[in-house]
2 protein chains.
Amino acid sequence: MSPAADTRDRLIDAALELFVYQGYAATGLAQVARKAQVLPGSLYYFFPTKEDLLLATLERRKQTLYEGVLRPIWESTNDPIERVFGLLAGYRQMLELTEFKHGCPIGNLVLELAETHPRARGLLVQNFDGWLDAVEQCFASAQDRLPPGASPRQLAVFVLTTMEGAVMLARAYRNFEAYDAAVVHLREYVERLLVESAARQSSRRA
Amino acid sequence: MSPAADTRDRLIDAALELFVYQGYAATGLAQVARKAQVLPGSLYYFFPTKEDLLLATLERRKQTLYEGVLRPIWESTNDPIERVFGLLAGYRQMLELTEFKHGCPIGNLVLELAETHPRARGLLVQNFDGWLDAVEQCFASAQDRLPPGASPRQLAVFVLTTMEGAVMLARAYRNFEAYDAAVVHLREYVERLLVESAARQSSRRA
DNA sequence: CGGTGTTGGTTGGTTGACCACCTAAGCACA
DNA sequence: TGTGCTTAGGTGGTCAACCAACCAACACCG
């Protein structure tokens with residue numbers, strides 16, 4: 001890796017963390033540079049404007065979704081339904097490790113920037129889409145165990161809304177009560193869909 | 001109302017909207033004063049610091065929860081379960097009316113301020129608590145129609161996480177697909193709890 | 001009644017810090 | 001020698017915070 005690519009990466013890493021931790025507007029470029037061990041001027045060399053830096057972080061986030069988020073869980077879990085809940089457990093673990101400092105990296109920025117930064121919104125949506133695609137695939141490959149009317153995509157959306165809301169409440173309360181309650185109910189719901197479908201299939205066979 | 005209380009109120013009203021619309025950090029005090037038709041100096045008379053203004057808006061939000069949010073729905077709907085979904089419909093309507101500009105007033109600020117403003121976090125939690133109390137009461141007064149193990153509080157938490165997540169996705173995508181999908185699934189889940197309980201009761205009677 | 005001090009609220013402008021943004025000189029490596 | 005990158009410094013602008021002068025309403029007292 002060239003030295004330039006290295007500092008560029010360090011800048012994105014630093015910005016990624018600061019934007020998620022304290023918001024976009026509240027983060028100064030000088031602070032990003034300091035955290036990345038780079039002089040403020042260099043920052044301008046790679047990212048002409050602050051928004052360019054923001055877009056680069058979102059692009060990075062999108063590209064590391066599989067490597068950083070999905071793969072560790074996909075490798076430890078095979079059952080598609082359990083993979084979904086493994087994902088939820090992963091976010092829980094992140095909250096735990098960072099003592100609720102980091103929530104969902106996308107969610108925070110959506111609420112802050114959706115109205116004011118249209119280009120960022122586009123990338124945020126792409127990030128959500130990537131996540132939804134992955135979860136949709138889980139449900140799709142378990143579709144034979146689900147009721148016939150169940151839409152994998154809509155189930156994925158439900159999982160994402162639950163997760164985003166749960167992360168938000170966990171950060172607000174600084175505990176896992178709400179997060180765990182939400183996941184328990186989501187599991188109850190999915191469980192019911194599974195047994196319903198199983199009952200239907202066995203009755204058809206009979 | 002004294003003229004002073006009036007300008008104070010106007011300031012809180014203006015700040016309330018701006019903080020929700022464009023975030024806390026991104027909102028300048030001069031902008032708040034302009035919107036409230038007040039000179040910047042007066043702002044300092046009522047609120048020594050920007051954070052004091054923030055806390056006042058959260059206090060106000062807490063006190064207007066019933067009047068502004070719950071009452072209109074409570075009055076048009078009697079069934080406790082339908083009241084819960086009426087609440088969700090109300091937030092949907094707000095998104096529609098404001099063209100996705102306003103999300104949940106509390107949720108936005110939670111993600112922005114939870115880590116950096118501990119006093120604000122306390123008030124944000126109080127706001128969530130008030131909302132949760134109301135929804136919990138709904139489920140509690142329908143408890144005879146729910147399975148015996150169902151906890152009204154935990155159900156309320158599930159509703160809140162769903163709502164917050166749904167609002168977030170609606171704002172990101174600028175459409176209601178995700179919002180509606182989430183609400184549909186939540187309804188499916190509650191519906192299943194109701195019929196389950198009904199079946200159990202009729203089988204006991206038999 | 002009327003003059004006088006006090007209080008609650010307003011005005012407009014200042015201050016110092018910080019911000020994103022910009023530049024031009026310097027560096028190392030090819 | 002040239003190119004890619006880094007460095008230090010600087011500019012204009014905006015921010016929260018602050019202030020001193022001001023004003024109207026009121027209370028108190030001669």
Side-chain angles (χ1 to χ4, degrees), chain A residues 1-60 109 112-113 115-120 123, chain B residues 1-60 109 112-113 115-120 123:
Chain A
M1 192 184 294
S2 78
D6 183 52
T7 66
R8 195 188 131 93
D9 275 353
R10 286 212 315 279
L11 283 169
I12 292 182
D13 285 339
L16 210 49
E17 187 167 339
L18 289 171
F19 287 164
V20 169
Y21 173 56
Q22 59 187 13
Y24 176 71
T27 300
L29 289 179
Q31 192 184 6
V32 175
R34 209 179 316 129
K35 188 180 180 73
Q37 309 254 47
V38 168
L39 284 252
S42 292
L43 215 164
Y44 181 73
Y45 176 77
F46 293 101
F47 308 103
T49 76
K50 190 183 183 182
E51 194 182 11
D52 289 323
L53 176 59
L54 170 67
L55 298 178
T57 66
L58 296 179
E59 196 68 49
R60 158 80 65 89
L109 295 173
E112 181 178 359
L113 305 171
E115 285 311 312
T116 46
H117 294 67
R119 302 210 300 148
L123 274 168
Chain B
M1 191 185 293
S2 78
D6 183 51
T7 65
R8 196 187 131 93
D9 274 353
R10 288 211 314 279
L11 284 169
I12 292 182
D13 285 339
L16 209 49
E17 187 167 339
L18 290 171
F19 288 164
V20 168
Y21 174 54
Q22 58 187 13
Y24 176 70
T27 301
L29 288 181
Q31 191 184 7
V32 174
R34 209 179 317 128
K35 189 182 180 72
Q37 309 254 50
V38 169
L39 294 217
S42 291
L43 216 163
Y44 182 72
Y45 175 77
F46 293 102
F47 308 103
T49 76
K50 189 183 184 183
E51 193 183 13
D52 289 323
L53 176 60
L54 170 67
L55 298 178
T57 66
L58 295 179
E59 195 69 48
R60 158 80 64 89
L109 295 173
E112 182 179 359
L113 305 170
E115 284 313 310
T116 45
H117 294 68
R119 302 209 299 150
L123 273 168

Student: Return the nearest nucleotide to the side chain of A:Phe46; candidates are C:dC21, D:dA17, D:dT6.
Tutor: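 Of all the options, the side chain of A:Phe46 is nearest to D:dT6.
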Student: Which donor-acceptor pairs under 3.5 Å do side chains of residues 14-21 of chain A form with protein atoms, sequence neighbours excluded?
Tutor:
none

Student: How many whole angstroms separate atom CD of B:Gln31 from atom P of D:dA16?
Tutor: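 Value for this atom pair: 9 Å.
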Student: Do any N or O atoms from the side chain of B:Glu112 and from the backbone of B:Ala25 form a donor-acceptor pair under 3.5 angstrom?
Tutor: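 Such a contact is found between B:Glu112 side chain and B:Ala25 backbone.
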Student: Measure from CG on B:Leu11 to P on C:dT10 and round the result to the nearest Å.
Tutor: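 B:Leu11 atom CG is separated from C:dT10 atom P by 9 Å.
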Student: Looking at the side chain of A:Ser42, which of D:dC5, C:dT11, D:dT7 is the nearest nucleotide?
Tutor: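 Of D:dC5, C:dT11, D:dT7, D:dT7 is nearest to the side chain of A:Ser42.
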Student: Once you round it to whole Å, what is the distance between P of C:dC21 and CG of A:Leu29?
Tutor: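 Checked: the CG to P distance equals 7 Å.
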Student: Check this for me: does any side-chain nitrogen of one of A:Arg60 and A:Asp13 sit under 4.0 Å from a carboxylate oxygen of the other?
Tutor: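 A salt bridge links A:Arg60 with A:Asp13.
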Student: Checking contacts here: which listed nucleotide (C:dC21, C:dT10, D:dA16) is nearest the side-chain heavy atoms of A:Lys50?
Tutor: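 Looking only at side-chain atoms, A:Lys50 lies closest to C:dC21.
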Student: Less than 4.5 Å apart, side chain to side chain, heavy atoms only: is that true for B:Arg8 and B:Ile12?
Tutor: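 Yes - at least one pair of side-chain heavy atoms lies under 4.5 Å apart.
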Student: Rounding to a whole Å, what distance do you find between A:Asp9:CG and D:dC5:P?
Tutor: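 One finds 13 Å between P of D:dC5 and CG of A:Asp9, rounded.
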Student: At less than 4.0 Å, is any side-chain N or O atom of A:Tyr45 found next to OP1 or OP2 of D:dT6? Yes or no.
Tutor: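 No, no such contact exists.
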Student: Atom CG of A:Leu43 to atom P of C:dT23: distance rounded to whole Å?
Tutor: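 So the two atoms are 16 Å apart, to the nearest Å.
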Student: Which listed nucleotide (C:dG12, D:dA17, D:dT7) is nearest to the side chain of B:Thr49?
Tutor: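 Nucleotide nearest to B:Thr49's side chain: D:dA17.
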Student: Quick one: which residue pairs count as a salt bridge (Lys or Arg N to Asp or Glu O under 4.0 Å) with a foot in residues 19-33 of chain A, not counting sequence neighbours?
Tutor: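 Every candidate salt bridge (Lys or Arg N to Asp or Glu O under 4.0 Å) pair involving residues 19-33 of chain A fails, so no pair, neighbours aside, qualifies.
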Student: With respect to the side chain of A:Leu39, which nucleotide from D:dT7, C:dC21, D:dC19 is positioned closest?
Tutor: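 Selected nucleotide: D:dT7.
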Student: Of the listed nucleotides (C:dG13, D:dA8, C:dT11), which one gets closest to any side-chain atom of B:Pro40?
Tutor: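 When the side chain of B:Pro40 is considered, C:dG13 is the closest of C:dG13, D:dA8, C:dT11.
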Student: In whole Å, I'd like the distance from the CD atom of B:Glu51 to the P atom of D:dA17.
Tutor: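 After rounding, the reported distance stands at 9 Å.
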Student: Please state how far atom CG in A:Asp6 lies from atom P in D:dT6, giving the value in whole angstrom units.
Tutor: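 Rounding to the nearest Å, CG of A:Asp6 and P of D:dT6 are 9 Å apart.
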Student: Taking atom P of C:dC21 as reference, at what distance in whole Å does atom CG of A:Asp52 sit?
Tutor: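 Going from A:Asp52 (CG) to C:dC21 (P), I get 9 Å.
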Student: Any side-chain N or O of A:Tyr44 below 4.0 angstrom from OP1/OP2 of C:dC22?
Tutor: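 Looking at the OP1 and OP2 atoms of C:dC22, one of them is under 4.0 Å from a side-chain N or O of A:Tyr44.
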Student: For residues B:Tyr24 and B:Glu51, determine if any side-chain heavy atom of one lies less than 4.5 Å from a side-chain heavy atom of the other.
Tutor: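 A side-chain contact exists here, since the closest heavy-atom pair is under 4.5 Å.
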Student: Residues from residues 12-28 of chain B sitting under 4.0 Å of DNA chain D, heavy atoms only?
Tutor: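 Residues of residues 12-28 of chain B that come under 4.0 Å of DNA chain D are, in numerical order, B:Thr27, B:Gly28.
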Student: Looking at B:Thr7, does any N or O in its side chain come under 4.0 Å of the phosphate oxygens OP1/OP2 on C:dT10?
Tutor: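 The answer is yes; a side-chain N or O of B:Thr7 sits under 4.0 Å from OP1 or OP2.
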Student: Please find the pair of heavy atoms, one from B:Val32 and one from B:Leu53, that lie closest to each other, and give the distance.
Tutor: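 Taking every non-hydrogen atom into account, CG1-CD2, 4.2 Å.
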